[in-house]
Amino acid sequence: MIIIRVMGGLGNQLQQYALYKKLESMGKEVRLDTSWFRDTMQETVLAERELELRYLSGISYREAAPEEIRSVLGRLWEERETITAKLKRKLLPASNPVFTESDMYHEQVFGFDDKYLTGYWACEKYYADILGKLRREIGFPEEDVLSGQKTSVESGSRPSDENAGILSKNAEMICKMRETESVSVHIRRGDYLDAANRPIFGGISTKEYYRAAVDFCKERFPGAKFFFFSDDIPYVQEHYREEAFEIIDWNHGRNSIYDMMLMSRCRHNICANSTFSFWGARLNPFEQKVTIRPSIHKNTQICIPEQMKELWAGWTLITPQGKVL
């Protein structure tokens, strides 16, 4: 049995889920371990997360039971290991029941039968061949499920006035995006500006990156309309004021999930170094779409253009300095 640990925000959860579905499509026995959202692990992260997969329709998976996790982890489950066992795993990595992601892509995960996988699995190559299926299956909430009150004919409940207004705004925006050569632009700041995260994620999605990405789309799609999404709306309002720019500023808190939905309804996508916008682009069904991402995701990553173009086939890569690769 293969067990995949689910952790992080919605973008990361979708990547772990996508790897689950890929392994499942190969006939593997797979489970998802969602205990990260219930235990104390979240104390180590700056932004508290919740299991947002549950808000999406079309999501189906088997959750790992405690006894199944115990059967895969063995002694690690109880965290009481002998020195001999620890030494054995160090000298013989294959004997380690836990496989931890340490590179952009690990081909060997497809050969595992009994392993506990922990990582984020952002690389497109892991599940590129099933993205079409995932697009058809995964849907966004159209009802008041985010507030804990599901609106349905059976329950007789109605969406709150606030959520009804948000749903109406989003519906209007989807129509507008369909009528234009729409391009989503995601600018993530928020926790990326924190002292702990800035050295890892900062200085990648730069002003030069966005200018090059916008120009790339303008050259190919004259008259394109750019729809901006961000966790720092005042910053976007100050720095992006062109007539062709429109800012989406009403999906907050749990309703931020609708920003991903709107990104997926645009014809083309300019992403930050953020898995949230990666999935806005991945769920975009437009066959002629242009999807743009930074050439690196973290500052620890060294970009080898040929390798990145293989691992992210079909994507346009732009460096922090604004160079299109």
Side-chain angles (χ1 to χ4, degrees), residues 1-54 59-128 130 196-197 200-201 275 278-279 297-302 307 311:
M1 178 180 295
I2 300 174
I3 298 176
I4 301 173
R5 188 167 182 78
V6 183
M7 54 188 174
L10 178 57
N12 288 320
Q13 293 172 40
L14 280 167
Q15 285 163 177
Q16 292 144 2
Y17 175 75
L19 181 61
Y20 169 94
K21 298 303 284 187
K22 171 62 180 179
L23 293 171
E24 184 182 61
S25 73
M26 297 172 63
K28 304 277 187 179
E29 187 176 9
V30 201
R31 302 286 189 275
L32 291 184
D33 174 13
T34 63
S35 62
W36 186 82
F37 299 93
R38 300 187 297 272
D39 61 23
T40 59
M41 286 297 294
Q42 288 210 62
E43 295 177 1
T44 64
V45 300
L46 292 172
E48 187 176 347
R49 306 295 188 181
E50 64 174 319
L51 183 61
E52 293 180 275
L53 286 179
R54 59 184 173 159
I59 296 286
S60 63
Y61 61 86
R62 297 187 66 179
E63 187 161 352
E67 58 270 20
E68 292 174 324
I69 300 174
R70 186 181 297 112
S71 70
V72 173
L73 291 181
R75 283 180 175 270
L76 283 179
W77 170 262
E78 299 175 349
E79 297 183 346
R80 293 195 299 269
E81 302 181 80
T82 65
I83 294 176
T84 302
K86 292 179 181 179
L87 182 62
K88 179 182 178 182
R89 278 200 300 278
K90 185 175 182 179
L91 297 175
L92 300 171
S95 68
N96 192 340
V98 177
F99 182 85
T100 302
E101 178 187 35
S102 60
D103 207 343
M104 285 188 293
Y105 183 70
H106 296 279
E107 182 76 32
Q108 60 266 47
V109 300
F110 299 116
F112 294 146
D113 290 313
D114 291 289
K115 197 71 75 174
Y116 186 97
L117 305 182
T118 177
Y120 294 105
W121 321 108
C123 183
E124 186 99 340
K125 189 173 180 179
Y126 281 120
Y127 31 75
I130 66 165
N197 280 334
I200 304 172
F201 299 107
T275 59
F278 289 171
W279 277 95
H297 188 78
K298 300 178 180 179
N299 285 309
T300 54
Q301 179 185 344
I302 298 174
Q307 179 188 43
L311 298 180

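The chain is numbered in sequence order, starting from 1. Just so you know, these numbers come straight off a predicted model, no measurement behind them.
- Taken from NZ in K115 to CG in N96, the straight-line distance is 6.5 Å, to the nearest 0.5 Å.
- In this structure, the side chain of E24 does not engage the main chain of V30 through any donor-acceptor pair within 3.5 Å.
- Distance alone, capped at 3.5 Å, places no donor-acceptor pair between the Q15 side chain and the W279 backbone.
- Q16 places a side-chain N or O within donor-acceptor distance of the main-chain N or O of M7, the cut-off being under 3.5 Å.
- The CG atom of D113 lies 6.0 Å from the CD1 atom of I2; values are rounded to the nearest 0.5 Å.
- Remark: K298 NZ is loosely packed, at most 12 non-hydrogen atoms of other residues, nucleotides or ligands lying under 6.0 Å away.
- Using a 4.5 Å heavy-atom cutoff, the side chains of R54 and I59 are not in contact.
- Between L19 atom CG and K22 atom NZ the span is 9.5 Å, to the nearest 0.5 Å.
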As a quick check of understanding, evaluate ring-ring contact (aromatic ring centres under 6.0 Å, His included) for H297 and Y120, giving each step before the final call.
CA-CA 12 Å; H297 188 78; Y120 294 105; 9.0 Å; no
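- Residues E68 and E63 share a closest heavy-atom pair of OE1-O, 3.9 Å.
- Here the closest heavy-atom approach between residue S25 and residue I130 is recorded as OG-CG2, 4.4 Å.
- Here the side chains of L53 and T34 are not in contact, with every heavy-atom distance at 4.5 Å or above.
- Side-chain atoms of K28 come within 3.5 Å of backbone atoms of F110 as a donor-acceptor pair (strictly under, hydrogens ignored).
- With hydrogens and angles disregarded, no donor-acceptor distance shorter than 3.5 Å links the side chain of D33 to the backbone of I4.
- Side-chain contact between K21 and Y127 is absent, with no heavy atoms from C-beta onward closer than 4.5 Å.
- Between N12 atom CG and F278 atom CZ the span is 10.0 Å, to the nearest 0.5 Å.
- With H106 as reference, F99 is the one residue of F99, F112, Y126 to meet the ring-ring contact (aromatic ring centres under 6.0 Å, His included) rule.
- If you take CD on E52 and CD on Q13, they are separated by 5.5 Å, rounding to the nearest 0.5 Å.
- For the residue pair Y105/E107, the side-chain donor-acceptor check at 3.5 Å is satisfied.
- Using a 4.5 Å heavy-atom cutoff, the side chains of F37 and V6 are in contact.
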Evaluate the criterion side-chain contact (heavy atoms from CB on, under 4.5 Å) for residue pair L14 and T275; output intermediate values, then yes/no.
CA-CA 9 Å; L14 280 167; T275 59; over 6 Å; no
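- Considering CD of E101 and OG1 of T118, their distance stands at 8.5 Å, rounded to 0.5 Å.
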